[in-house]
Amino acid sequence: MSKRMFGMFVVMFVIGLITAFVGSIAGLGGGVILVPVLLFLGERFSSFDWVTPQAIVGISLVVMIFTGMSSALSYMRHDRVDKKIGYLFLIGSIPGGILGAWINQFMKTDGFSLFFGIVMIFVSALFFLPRREAGSPLFKTGMKREKVIDGQTYTYQMPIAIGLVLSFIVGLLSGLLGIGGGSLLTPAMILLFSIPPHIATATSMFMIFFASISSSGTHILLGHVEWAHTLYFIPGAYLGGMLGARVNRRMNGQLVEWFLRVLLILIGVRLIWQGIG
């Protein structure tokens, strides 16, 4: 391996590690960090001149398979994943992801950055909506769920039809933007269905793993995946996903929410600025 190739490997390993680490803590999957980072590098450095919206999204979704796998396995070992809700979301997110991947091929870089930034600001704004009081759920009917975490029992319910529609939209944006869906699904689970943040992030990573397989498969068939670069990100992403899941277990739910708010606002503003500029 030449010095230049080794240098690229180190840079991409570190990027994969950090983005997966942050994404796993917040249940976002890492794409919400990886995509803006690659857009920034493509704008500044000639060694990243291969960066296009199609290549970025293809790389992000392939890498998220490994981020989702490592963090989901870690969450499952500690019984934080609500598998029934995860499977429900997959029914909607898989066809949505395939459609989004197909639409992505028509996007240009500036429009991609602007749209991505607007989505991030919208998602961050969701976290500033007032929380509903315990015992007064927004939806009175649905699939009733109960889960015990660290000796505490949590009860909540998921309206099946709304869950399917939501997951389809999330899958569509995932395939289109390469964000894994967690940036929308995690706040939706917390705010709409009153699912505790720790369960929401764990279930989100579980869903991201399976949904990323179908979305990335579509991008591979369309020729969007730059394998020479993608493979450099995977080792760091796998390790980062595992470490992020471990840190998440030591954070309280409110801290996870504030982490999400600040992160998404910063990313959104930066991308809107780039898209307009």
Sidechain-backbone polar pair: Ser174 side chain, Val170 backbone, donor-acceptor under 3.5 Å: no
Taking Thr19 for the side chain and Gly16 for the main chain, is one N or O donor matched with an acceptor at less than 3.5 Å? yes
If Ile, Leu, Val, Met, Phe, Trp and Tyr residues are connected whenever their side-chain heavy atoms lie under 4.5 Å apart, and connections chain through other members, are [X] and [Y] in the same group?
X: Val35; Y: Leu222; value: no
X: Ile15; Y: Trp50; value: yes
X: Leu221; Y: Met64; value: no
X: Leu231; Y: Met69; value: yes

Please state whether the rings of [X] and [Y] are parallel, tilted or perpendicular, taking 30° and 60° as the class boundaries.
X: Phe206; Y: Tyr87; answer: perpendicular
X: Phe89; Y: Phe193; answer: tilted
X: Phe106; Y: Trp102; answer: perpendicular

Just so I know, are the side chains of [X] and [Y] near enough to count as touching, which here means a heavy-atom distance under 4.5 Å?
X: Phe48; Y: Met12; result: yes
X: Leu41; Y: Val51; result: no
X: Val57; Y: His219; result: yes
X: Tyr154; Y: Ile195; result: no
X: Glu146; Y: Thr153; result: yes

For [X] and [Y], which heavy atoms make the closest approach, and how far apart are they?
X: Leu61; Y: Ser215; value: CD1-CB, 3.7 Å
X: Ala202; Y: Arg80; value: CB-O, 3.4 Å
X: Met207; Y: Ser93; value: SD-OG, 3.6 Å
X: Met143; Y: Ile85; value: CE-CG1, 3.8 Å

In this structure, are over 12 heavy atoms from other groups packed under 6.0 Å from Arg246 atom CZ? no
Is Lys147 salt-bridged to Asp82, going by a charged N under 4.0 Å from an acidic O? no
